[in-house]
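Letters A, B, ... mirror the listed sequences (proteins, then strands); counts begin at 1.
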Amino acid sequence: MRLTDSVPISLDLTLRSGQVFHWEHQADGSWTGLIGDTPVRVAEKNGLLDVSRGSLALAENYFALDHPLEEIYAEFPRDPMSAEALELCRGLRIIRQPRWECLATFITSSMKQVAHIRSMSLSLRKAFGRPTEYGYTYPLPEILAASSEQALRACGLGYRAPNLLATAGIVARGNVDLDALAGLETPALLEALVKLPGVGVKVANCVLLFAYERLDAVPIDVWIHRVLIAMRRGRGGTPAQLARYARKNLGPYAGYVQQYLFHRARVSSK
DNA sequence: CGCCAGGGTCTCG
DNA sequence: CGAGACCATGGC
């Protein structure tokens, strides 16, 4: 039995929840984009994944159809905000992203709205990637490392440009092997990622969650920061205190809970 | 048009 | 360790 025959997913929620930024929503409701360098067209049919172009196995892995959603939901915290987020986001999956693409994209994400992260990502792809029928591939670290701060600024990166350039150089030279890092325990992996220019604790946790399958990782951005304070009945705290609170209260799939809370907070603010 | 955004880094106490 | 200043850009 194939996973696509039985496992539910909400593509709209998954592709609009600020994990990936390059997919295009077509007029017929389908989505087109690239999984790595492979053009793919996917749609949601009766709540299941329908792959009409590209590799089925590739899509099943990328959209993480093997994540046991019902088991994850059973571990959700019982507080009202988490419960409401769950009802709103049922079917949203944490995608398995290519590591470099994820790392590079989140280096550009600091103090940026989702819409602008998307526009920077598309600019970088168009300037440095290879054209395909569903958009441009994400440029390899070697390509970005050989570019220039000015060329990256031209893609709208602003002060983030030197960080992306420097990290691309480190990865391109092989000083850091993103695939080899997958063998590390989460704390050591976090420590390694944070050493890269433009990568702090928040960005590192995004990469842990979206590219290294650490489903307990909790990136704390301004939205989740507000959510955590609300959960603590208005009681604030240092970043370290809030991170500790999240670890203790959001359960073994804290990263999933965080993603649902993030999406709920964003849509309910409009 | 002013506010704000999936923050990181450096400095100073 | 913790708080503050500074950093560019564009959607809304």
Side-chain angles (χ1 to χ4, degrees), chain A residues 13-23 81 85 89 92-95 97 99 101-124 126-127 148-170 176 190-212 214-230 235-246 250 254-270:
Chain A
L13 287 169
T14 300
L15 292 175
R16 287 190 214 274
S17 62
Q19 305 181 56
V20 280
F21 305 90
H22 64 289
W23 289 83
M81 296 181 84
C89 300
L92 192 167
R93 288 177 181 273
I94 302 287
I95 293 177
Q97 295 186 40
R99 294 183 177 122
E101 180 181 318
C102 179
L103 171 62
T105 301
F106 278 95
I107 285 174
T108 69
S109 75
S110 78
M111 289 299 294
K112 281 297 181 187
Q113 298 179 133
V114 169
H116 194 216
I117 299 169
R118 171 182 168 82
S119 102
M120 285 185 295
S121 166
L122 295 181
S123 291
L124 282 169
K126 186 160 189 176
S148 68
E149 179 178 333
Q150 187 180 17
L152 296 182
R153 282 182 183 268
C155 294
L157 269 65
Y159 61 84
R160 304 156 194 81
N163 289 331
L164 182 58
L165 189 63
T167 292
I170 291 169
V176 166
L190 178 71
E191 192 180 346
L193 290 172
V194 163
K195 286 179 183 164
L196 296 167
V199 182
V201 172
K202 188 272 171 182
V203 167
N205 273 290
C206 284
V207 178
L208 286 178
L209 180 60
F210 300 138
Y212 287 93
R214 309 304 161 103
L215 300 184
D216 56 340
V218 178
I220 301 180
D221 72 327
V222 294
W223 293 96
I224 294 301
H225 183 85
R226 287 194 286 260
V227 167
L228 291 175
I229 289 176
R235 190 163 55 92
T238 67
Q241 287 175 312
L242 291 178
R244 208 174 310 127
Y245 176 86
L250 298 187
Y256 255 93
V257 178
Q258 169 278 149
Q259 193 64 16
Y260 283 38
L261 288 168
F262 173 76
H263 193 260
R264 172 188 172 277
R266 276 169 37 85
V267 299
S268 66
S269 79
K270 292 188 234 179

Quiz item: With sequence neighbours left out, what residues match A:Gln113 under side chain to side chain donor-acceptor pair (under 3.5 Å)?
Solution: none
Exercise. Keeping the roles fixed (side chain from A:Thr167, backbone from A:Leu164), state whether a donor-acceptor pair exists under 3.5 Å.
Key: no
Quiz prompt | Passing option when A:Gln19 is tested against A:Leu92, A:Leu209, A:Thr105 for side chain to side chain contact (heavy atoms under 4.5 Å, CB included) | solution = A:Leu92
Quiz item: Is A:Arg118 touching bases, backbone alone, or none of the nucleic acid, heavy atoms closer than 4.0 Å?
Solution: nothing
Kindly list each side-chain donor-acceptor pair under 3.5 angstrom involving residues 217-229 of chain A, sequence neighbours excluded, with atom names and distances?
{"unit_1": "A:Asp221", "atom_1": "OD1", "unit_2": "A:Trp223", "atom_2": "N", "d": "3.3"}
{"unit_1": "A:Asp221", "atom_1": "OD1", "unit_2": "A:Ile224", "atom_2": "N", "d": "2.9"}

Exercise. Could you run through nucleotides 5-12 of chain C and give me one letter per nucleotide, 5' to 3': B if any protein heavy atom sits under 4.0 Å from the base, S if only the sugar-phosphate is that close, - if neither?
Key: --BBBBB-
Self-check item: Pairwise salt bridge (charged side-chain N to carboxylate O under 4.0 Å, His left out) hits with a residue in residues 104-117 of chain A, at least two apart
Solution: none
Exercise. Mind checking A:Thr108 for me? I need base, sugar-phosphate or nothing, with any heavy atom below 4.0 Å counting as a touch.
Key: nothing
Practice problem: Provide the start and end nucleotides, 5' to 3', of the part of DNA chain B that has atoms under 4.0 Å from heavy atoms of chain A. | Solution: B:dA5 to B:dT9
Practice problem: Assign A:Phe21 to base, sugar-phosphate, or nothing according to its heavy-atom contacts below 4.0 angstrom with the strands shown. | Solution: nothing
Exercise. Please work out if A:Ile107 contacts a base, only the sugar-phosphate, or nothing of the nucleic acid, heavy-atom cut-off 4.0 Å.
Key: nothing
Practice problem: Just call it for A:Gly18: base, sugar-phosphate, or nothing, with non-hydrogen atoms closer than 4.0 Å on any strand. | Solution: base
Only distances under 3.5 Å count here; give the side-chain donor-acceptor pairs of residues 154-161 of chain A to other protein atoms, sequence neighbours excluded, each with its distance to 0.1 Å.
{"unit_1": "A:Arg160", "atom_1": "NE", "unit_2": "A:Ser110", "atom_2": "O", "d": "2.8"}
{"unit_1": "A:Arg160", "atom_1": "NE", "unit_2": "A:Ser110", "atom_2": "OG", "d": "3.4"}
{"unit_1": "A:Arg160", "atom_1": "NH1", "unit_2": "A:Leu157", "atom_2": "O", "d": "2.9"}
{"unit_1": "A:Arg160", "atom_1": "NH2", "unit_2": "A:Ser110", "atom_2": "O", "d": "2.9"}

Self-check item: Whole-angstrom distance between C:dA8 and B:dT11, as gauged at atom P
Solution: 16 Å
Exercise. Please round to the nearest 0.5 Å and tell me the distance separating atom CG of A:Leu196 and atom CG of A:Leu103.
Key: 6.0 Å
Exercise. State whether a side-chain donor-acceptor pair under 3.5 Å links A:Gln150 with A:Ser148.
Key: no
Quiz prompt | First encountered from the 5' end of DNA chain B, between A:Val194 and A:Ser109 | solution = A:Ser109
Quiz item: Heavy atoms under 4.0 Å, any strand shown: does A:Gln259 hit a base, just sugar-phosphate, or nothing?
Solution: base
Quiz prompt | P-based separation of B:dG6 from C:dC6 [nearest Å] | solution = 24 Å
Exercise. Scan A:Pro197 against the nucleic acid and name what it touches under 4.0 Å (heavy atoms): base, sugar-phosphate only, or nothing.
Key: sugar-phosphate
Quiz item: Got a sec: does the CD of A:Gln241 have more than 12 other heavy atoms crowding it under 6.0 Å?
Solution: yes
